[in-house]
Chemist: 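Before we start, here is the structure in question, set down as structure tokens.
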Amino acid sequence: MSANGQDGAQVAQRGRGGEVAFDHVRMAFGSRVIFDDLTCRFPAGQISVILGGSGSGKSTLLRLIGGLLHPRAGHVRVGDKELTTLAERGLYAVREQIGMMFQAGALLDSFSVYDNLAFPLREHTRLSEAEIRERVHAKLTAVGLSADEDRLLPGQLSGGMLKRVALARAIIRDPQYLLCDEPFSGLDTISARRIENLLKDLNRSLGVTMIVISHDVPSTLRMADHVLVLVRKAAVQGTPSELRASKDPLVANLISADVDEAVLTAKGVEG
Amino acid sequence: MKAIQNLGFSALNFVEQLGRFTAFSGSAMLQALRPPFRMGVFFDELYKLGVLSLVIICVSGAAVGAVLALQGYNTLQRFGATDSLGAVVGISLLRELGPVLTALLATGRAGSATTAEIGTMVATEQLDGLRMMAVNPMSFVVVPRLLAMIVVMPLLSALFITCGMGGGYLVGVSLMGVDGGRYMSNLYANVDFHEDVVGSLVKAVVFGVVVGLISTWRGFTSKPNSAGVSAATTSTVVTASVTVLLLDYIVTALWGI
């Protein structure tokens, strides 16, 4: 098999993601404490959704998993790698297995949509330009964008398109771990449902460990295998039905807010 | 008591910033020696920092040379030494005005643009996006801009000096009536290639390193909001300009360039 063929196969057949774990993590910005003693698990190969109020530390949690922030104390583990003991070079090795969709996109603004998606492939694989083009257009189609839109610059995209391009870039290398910061906000219902189905398909077909921040409780209950609720600088976690039965009124209210009863019935959540 | 506290805090902050800047500079220099060498980004930056600065450098160089010739002629006339005008204009431009004014102009045009661009990338999480794609922003963003600034500075300085000499010749010979042959022969006779020309280029390279490091560092460490980017850009212009002027004195005093 050619080098290019090997790279292609490697990208297409990357293994199932492992567990992500936080142990007694303390995180603060100056004197503002975000997590006091956070211990939680994101199960391997499952879709975990993080819920919580504004400023509860949802995005901080994703940044800790990506090694973009370092905790004051405690341990963060991605698969078998303990991030708090890794040097910068080790962190880059872990990040090669992670795809991250930022809340505001974080697309390179001087690159076209095509170049933004092709960039990780050009950096980390030896795929030919034809193979890169094929993969870029496949991912654009998967998120509901047409190949004609690949010449646009990020500044020419609407908010919803920007989100979808950011997601397409995050999944371009079929990562083992996918971190999504509010993938549904700013999307119309059809686009949101398309993204939801895409995430579910990715999870089922590739076993990607997926961690999604969402404010949308119905979609959370539709897609989540595991839910983490950030309250009082710590976390409460479980399946959607376990959390809805929680005796903590804050958790129960958060998970029940605006819930579509039909969805709960479909998921077998007891009222 | 409060004033002493503030002074101590400022001193500590300065030392901390200096330490961080040194670490950043070391990291950038090390990264410049490691692959991947991003030639595409480097040539893009050469274009942005160099080609787009050509007009301001040429116009400023010609204007400075013209003023220098005008002032020089009036002064030299008192001593009956107007034939030396070529040497006065040439040596002044080569040894001091060329590299220093080019560095100041490059700071205002290219350095501030570099800081603003990197600062905007910080504010819009593009640098974090690169890190999450396992691409080191030091390699992709900082090193090409730093190297481009180092390469471009002596070239712009040489252009500034050439235009300055042109402006000086025009005013001295065409306007003030100095003999063209004597103007040029005096210039050739008094300019030493190693001491003046090479020294001038070395000075420009040193200023390129300083402006490149300060502008990328300020952008890299700017606060992630519009006020932060604005403050970082202003800080680049102030810090780099003052550093260039101080360094000019030090380089001249130590090495006689």
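Letters A, B, ... are given to chains in the order of the sequence lines, protein chains preceding strands, and every chain is numbered from 1.
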Chemist: Please give me the minimum heavy-atom distance between B:Arg131 and A:Arg95, naming the atom from each residue.
Modeler: O-CD, 2.9 Å

Chemist: Do any N or O atoms from the side chain of B:Gln126 and from the backbone of A:Asp109 form a donor-acceptor pair under 3.5 angstrom?
Modeler: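 Such a contact is found between B:Gln126 side chain and A:Asp109 backbone.
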
Chemist: For B:Ala134 and A:His124, which heavy atoms make the closest approach, and how far apart are they?
Modeler: O-CE1, 3.2 Å

Chemist: Counting heavy-atom pairs closer than 4.5 Å to chain B, which one of A:Arg169, A:Glu88, A:Gln103 comes out on top?
Modeler: A:Arg169

Chemist: Crowded around A:Arg151 CZ? As in, over 12 foreign heavy atoms under 6.0 Å?
Modeler: no

Chemist: Just verifying a value: how many Å separate B:Met133 CE and A:Ile172 CD1, rounded to the nearest 0.5 Å?
Modeler: 11.0 Å

Chemist: Verify the neighbour count for atom OH of B:Tyr47: are there more than 12 heavy atoms of other residues, nucleotides or ligands below 6.0 Å?
Modeler: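 Open.
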
Chemist: Just checking B:Leu18: does its CG atom have more than 12 heavy atoms from other residues, nucleotides or ligands closer to it than 6.0 angstrom?
Modeler: yes

Chemist: In this structure, are over 12 heavy atoms from other groups packed under 6.0 Å from B:Gln17 atom CD?
Modeler: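 Count over threshold, so yes.
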
Chemist: Side-chain contact, heavy-atom cut-off 4.5 Å: A:Leu108 with B:Met121?
Modeler: yes

Chemist: What option among A:Ala106, A:Ala166, A:Gly67 has the most heavy-atom pairs under 4.5 Å with chain B?
Modeler: A:Ala106

Chemist: In the structure I gave you, are the side-chain heavy atoms of A:Met100 and B:Asp128 within less than 4.5 Å of one another anywhere?
Modeler: no

Chemist: Decide yes or no for A:Tyr92 and B:Val135: does some side-chain heavy atom of the first lie under 4.5 Å from some side-chain heavy atom of the second?
Modeler: no

